[in-house]
Amino acid sequence: MVGSRLVRFAILLTLGTTFATCKQPTQWDDGGPGIIVPGKSVEGVKLGDLKETVVARLGPPTSVGWADGIYRGWRAYFYDDGPRGSQIMRLHFCFIDSGVTYGPLDLILIGPAYEGKTKEGIGIGSSISEVRHFYGSPLETFFSPENHLTVDFYCSSDHMFQIHYEDSIVTGFSIGYFLPIQEDPFSCSK
């Protein structure tokens, strides 16, 4: 009788721990220092965040400016490494331009100076075969033979996750858009 109670207690304890663990977000779910969450965030900064959130997490940007896309323009915060004039892109955050002020974070660009990785260990310097091993075949691939540039397009969390390669080695990532762009054939939120 005592043995069966112990077995029931052990089963209930295991189930309780399992359910409690499943409901708790992990560091990977929210991101954080050194973490890329495909389709969602980098360094804990998420699509939809305001510029104040970016500064609170990362400090003041290296520079501030504008970024242009085919379908939309943005106000941007640039976090680059290296001396001024020869800076290497690390993180760029593009906010919806509301005409007067910064809107929500719409697009995140991750460049060659960024050392973080996804939970699968994918980061700058990973090979195209490593990426496709973990993420499978992309929805679409763009290849430019003249500069050996390849871009794989994935959808994750209803947002675009682009992986940029040069000679089949990862050189950067893009995460977006927070607000869908209907005209963009690669937008995941149609």
Side-chain angles (χ1 to χ4, degrees), residues 30-118 122-126 140 142 144 146-167 169-189:
D30 293 335
I35 300 171
I36 301 168
V37 180
K40 186 175 181 181
S41 66
V42 66
E43 295 288 314
V45 175
K46 300 180 291 296
L47 292 175
D49 281 348
L50 299 177
K51 68 178 183 155
E52 293 80 12
T53 304
V54 174
V55 172
R57 286 200 177 265
L58 303 177
T62 309
S63 60
V64 176
W66 302 91
D68 288 322
I70 296 171
Y71 306 105
R72 181 180 288 158
W74 301 273
R75 293 176 180 243
Y77 273 16
F78 305 107
Y79 290 84
D80 296 321
D81 289 345
R84 189 174 285 286
S86 63
Q87 292 177 329
I88 301 170
M89 179 184 171
R90 184 167 44 104
L91 297 171
H92 291 182
F93 297 96
C94 302
F95 302 89
I96 298 282
D97 180 10
S98 68
V100 177
T101 186
Y102 291 72
L105 178 58
D106 190 50
L107 179 66
I108 300 169
L109 305 172
I110 302 166
Y114 186 70
E115 296 178 1
K117 298 183 181 307
T118 66
I122 300 299
I124 303 300
S126 295
E140 196 75 39
F142 168 81
S144 175
E146 60 271 1
N147 56 11
H148 307 279
L149 175 71
T150 302
V151 180
D152 281 346
F153 296 84
Y154 294 91
C155 286
S156 182
S157 304
D158 289 329
H159 297 290
M160 175 183 59
F161 182 55
Q162 292 180 14
I163 304 174
H164 310 249
Y165 312 88
E166 194 170 311
D167 294 322
I169 301 298
V170 175
T171 58
F173 303 90
S174 301
I175 300 171
Y177 306 103
F178 177 65
L179 296 179
I181 298 177
Q182 297 303 318
E183 302 83 12
D184 189 338
F186 301 112
S187 182
C188 296
S189 307

A side-chain contact here means heavy atoms from C-beta on lying under 4.5 Å apart; do Pro33 and Glu43 qualify? yes

Could you tabulate the donor-acceptor pairs under 3.5 Å formed by side-chain atoms of residues 58-70, not counting sequence neighbours?
{"from": "Thr62", "atom 1": "OG1", "to": "Asp80", "atom 2": "N", "distance (Å)": "3.0"}
{"from": "Thr62", "atom 1": "OG1", "to": "Asp80", "atom 2": "O", "distance (Å)": "3.3"}

From Cys155 SG over to Glu140 CD, what is the distance, rounded to the nearest 0.5 angstrom? 10.5 Å

Quick one: does Ile36's side chain get under 4.5 Å of Tyr114's, heavy atoms only? yes

When you measure from the side chain of Ser156 to the backbone of Phe161, do you find a donor-acceptor pair of N or O atoms at a distance under 3.5 Å? no

Pairwise distance CZ(Phe78) to CG(Leu91) - rounded to 0.5 angstrom: 12.0 Å

Looking only at non-hydrogen atoms, find the nearest pair between Phe95 and Asp49 and report the distance. CE2-O, 4.0 Å

Give a yes or no on whether the backbone of Gly176 and the side-chain of His159 come within a donor-acceptor separation of less than 3.5 Å. no

With a 4.5 Å cut-off on side-chain heavy atoms, are Ile110 and Ile175 touching? yes

Test item: Cys188 and Met160 side chains (from C-beta on) under 4.5 Å apart, heavy atoms: yes

Measure the spacing between NE2 of His148 and CD of Glu166 and express it to the nearest 0.5 Å. 8.5 Å

Tell me which pairs pass side-chain hydrogen bond (donor to acceptor under 3.5 Å, both in side chains) where either residue lies in residues 98-109, with sequence neighbours left out. Arg72-Asp106, Trp74-Asp106

Would you check if Ile108 and Leu47 make a side-chain contact, meaning some heavy-atom pair closer than 4.5 Å? yes

Checking Ala56 now: which residues fulfil side-chain contact (heavy atoms from CB on, under 4.5 Å) with it, not counting sequence neighbours? none

Which heavy atom of Leu109 sits nearest to which heavy atom of Cys94, and what is that distance? CD1-SG, 4.3 Å

By side-chain contact (heavy atoms from CB on, under 4.5 Å), which residues pair with Asp81, not counting sequence neighbours? Arg90, Ala113

Quick one: list whatever passes side-chain contact (heavy atoms from CB on, under 4.5 Å) with Ile124, sequence neighbours left out. Val170, Phe173

According to side-chain hydrogen bond (donor to acceptor under 3.5 Å, both in side chains), who are the partners of Tyr165, at least two apart in sequence or on a separate chain? Asp152

Output the distance between atom CD1 (Ile122) and atom CD1 (Ile163), rounded to the nearest 0.5 Å. 7.0 Å

Closest approach of Tyr71 to Asp184 (non-hydrogen atoms, all atoms of both residues): CE1-CA, 3.6 Å

For a quick test of reading the model, state the closest non-hydrogen atom pair linking Val54 to Tyr79 and the distance between them. CG1-OH, 3.5 Å

Using every non-hydrogen atom in the two residues, find where Lys51 and Tyr77 come nearest and quote the distance to one decimal. CD-OH, 3.3 Å

